[in-house]
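Whatever order the structure lists them in is the order used to number ligands and atoms, beginning at 1. The first residue in the sequence is number 1, and the count goes up from there.
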Amino acid sequence: MANIVILGTQWGDEGKGKIVDVVADRFDIVARSQGGHNAGHTVWVGDQKYILTLIPSGILHEKLTAIIGNGVVIEPGHLVREIETLRGIGVNIGSNLMISDRAHVIFPYHRMMERATEAKAGKVAIGTTSRGIGPTYEDKIARRGFRMADLLDREAFEPKFRALAKEKNCIAEALGIHEPWDIDEIYAEYCGYADVLRPYVTDTATYLAQQLAAGKTALFEGAQGTLLDIDHGTYPFVTSSNATAGGVCTGLGVPPTRIDAIFGVTKAYVTRVGSGAFPTEEHGPAGDVLRDNGHEFGTVTGRPRRCGWFDAPLMRYSSAVNGFDSMVVTKLDVMDHLDTIRVCVAYERDGERMESIPSLAHELESIIPVYEELPGWRSDTKGLRRYEELPDKARAYLDYLQEQSGVEVGAISTGPERDEIIFRKGTKLAAMLPA
Ligand code: IMP
């Protein structure tokens, strides 16, 4: 058995939560390396809908240990509520959950700073999830953040917290963005969270190293997607962490040599929430069909997602950065009744053909996709479980995605349920994740 990574290939919401849930029972550990409660993973088990934002979705499987790594930023109140909600619907959470002592903590001033900067006149809003994610990573990089370990060490925490909180209030006031909040109240509230979370907090990197050395296997689950990565994404319209393969190593303390395979998840089309360039966005009726059929509304913020066509140059880029061994195509059934389907195969800018995306945001805004049109299959694929059952035109579409992006299609998700998935025989993915 191998240790694998599952990542989003585009702007998040590719359906990673379901794929992780489907394969998780083959592993001993499931671990999350970055992001915070800006992520929302929806998993359906029968009629029960689970939305997980901080806890890895593998927790839904009894025998697994779920790890929240050092690269994640944690809003402790949110985590406490997520634990309670999951328990309330019968999910066992105890020693099977581990939280890194080095994970950074989100405070109310982070959210306040974010709201203020997003609303600032003259600044292009990123369209963030307003969860304080960016400002928390800012404090981490500036070496003034608080980690879970600090929160637990009350004696040392109190004076440092009070000093920093005062400083934050001064900055806010100087910028004219002060939203009053009570330092004593927040201190007491966070001490309460620390008491609840204390049993779960530990040195997860050492734990992982020991477990992997002993032959246990791990599934590393990404949040957001490659094009939201702080380094490789469509900057500045990105999140503030590394959502690409390298982020798994730094965000968990896992050596690259421990990773055996990397699988990318993509929808059969593309979506994006928030601002920023989206070359293949479809503003016509087909975009509405994708949004309505695919229920494309944000899990965390409820915002309608922008919808568009599969972008092969983006997938080539995503694969170059992550080294995908295989891709999982989700929500194929959402496209079942389209007459024609477009696939972007290259871009054009000022009359010149381009094979990859530019780094500058305004250049990315101005590129024009070059499309190939394929006929739709116009029949139901929902719930199909064998590749041979797919209509010829749906298989031709998948072959085309594979050919254009240079990444094999290893599995296809045909609905939200655990068993609505096709593992394609003879692929690397099927070989590593035997049914
Ligand atoms: P932040 O992560 O809240 O700072 O938001 C930065 C950008 O990332 C915004 O465009 C968000 O909509 C986007 N984003 C953050 N998390 C997710 C996610 O889980 N799915 C999709 N988009 C996300």
Side-chain angles (χ1 to χ4, degrees), residues 6-20 32-43 50-57 68 71-75 78 82 104 106-107 110-120 123-141 221-244 247 251 264-267 269-278 281 291 294-308 314 318 330-331 361 364-365:
I6 292 187
L7 295 175
T9 57
Q10 288 125 7
W11 287 284
D13 307 319
E14 296 90 351
K16 297 176 291 293
K18 159 167 175 182
I19 305 307
V20 168
R32 162 104 183 258
S33 51
Q34 42 76 227
H37 63 315
N38 49 350
H41 293 158
T42 309
V43 179
Y50 298 88
I51 295 180
L52 298 108
T53 61
L54 271 167
I55 301 178
S57 34
I68 300 178
V72 176
V73 286
I74 298 175
E75 215 271 55
H78 187 93
E82 188 159 314
H104 277 250
I106 302 179
F107 287 92
H110 291 127
R111 282 198 306 275
M112 180 182 81
M113 290 289 182
E114 177 167 5
R115 271 199 301 273
T117 43
E118 278 282 277
K120 216 159 101 191
K123 178 187 173 286
V124 182
I126 305 294
T128 69
T129 59
S130 309
R131 299 291 193 269
I133 306 292
T136 307
Y137 280 114
E138 276 179 47
D139 276 354
K140 170 178 174 172
I141 299 302
E221 126 178 14
Q224 287 87 43
T226 299
L227 298 163
L228 288 174
D229 182 281
I230 185 76
D231 286 287
H232 302 291
T234 48
Y235 192 89
F237 300 98
V238 292
T239 191
S240 300
S241 61
N242 284 113
T244 43
V265 183
T266 174
K267 279 178 192 156
Y269 47 98
V270 176
T271 62
R272 175 163 203 177
V273 218
S275 320
F278 181 178
E281 183 167 9
R291 187 173 311 103
H295 310 291
E296 296 295 356
F297 296 89
T299 317
V300 171
T301 57
R303 291 178 290 180
R305 294 181 183 140
R306 300 154 68 192
C307 297
L314 270 193
S318 187
T330 62
K331 292 193 152 183
L364 191 59
E365 287 283 0

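With Val238 as the fixed residue, the side chain to side chain contact (heavy atoms under 4.5 Å, CB included) test singles out one of Leu227, Asp229, Ile230: Ile230.
Under the 4.5 Å side-chain criterion, counting only non-hydrogen atoms from C-beta, Lys16 is in contact with His41. At a threshold of 4.5 Å between non-hydrogen side-chain atoms, the residues Glu221 and Ile6 do not count as touching.
Legend: residues meeting salt bridge (charged side-chain N to carboxylate O under 4.0 Å, His left out) with Glu138, ordered by chain and number and at least two apart, are absent. Residues passing the side-chain contact (heavy atoms from CB on, under 4.5 Å) test with Ile126 are Glu118, Lys123, Thr128, Pro236, Phe237, sequence neighbours excluded. Evaluation of the side-chain contact (heavy atoms from CB on, under 4.5 Å) rule for Ser241 yields Gln34, Tyr137, Gln224, Thr239 as partners, not counting sequence neighbours.
Around ligand 1 you find Trp11, Asp13, Asn38, Ala39, Ile126, Gly127, Thr128, Thr129, Gln224, Leu228, Val238, Thr239, Val273, Gly274, Arg303, each with a heavy-atom distance below 4.0 Å.
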